[in-house]
Amino acid sequence: MAPTLSEDEIDDLLYFARTGDKSEFDTLKEELCKREKVDVVELVRNARDTESGNGVLHMAAANGHHGK
């Protein structure tokens, strides 16, 4: 079952991925995975910008955070 994430939660995940803030991203990721009872793959799959369709992995890779 897909997680129910608020627009603010998705925005925060995307922002942390874009800026490379691994600590903040990991904290929020763990909180949301636990609350929604999903694994990180399912969380990341559903954390997408509604207008562009860009996701967490896109944001991280596009901003050079591939090694973090």
Measuring from atom [atom1] of [X] to atom [atom2] of [Y], what distance do you get when rounded to the nearest 0.5 angstrom?
X	Y	atom1	atom2	result
Asn46	Glu9	CG	CD	12.5 Å
Glu30	Phe25	CD	CZ	9.5 Å
Met59	Tyr15	CE	OH	12.0 Å
Asp49	Arg18	CG	CZ	11.0 Å
Ser6	Leu32	OG	CG	8.0 Å
Cys33	Glu42	SG	CD	9.5 Å

Is a donor on one side and an acceptor on the other found under 3.5 Å between the side chain of Asn63 and the backbone of His65? no
Would the distance check show the side chain of Glu36 and the main-chain N or O of Thr4 forming a donor-acceptor pair, the cut-off being under 3.5 Å? yes
For the side chain to side chain contact (heavy atoms under 4.5 Å, CB included) test, which of Leu13, Leu14, Asp12, Asp8 pairs with Ile10? Leu14
Go through Leu43 and Leu5 one step at a time and tell me if the side-chain contact (heavy atoms from CB on, under 4.5 Å) criterion holds. CA-CA 9 Å; Leu43 182 75; Leu5 304 174; 3.8 Å; yes
Check against side-chain contact (heavy atoms from CB on, under 4.5 Å), Val40 and Val44: CA-CA 6 Å; Val40 68; Val44 168; 4.0 Å; yes
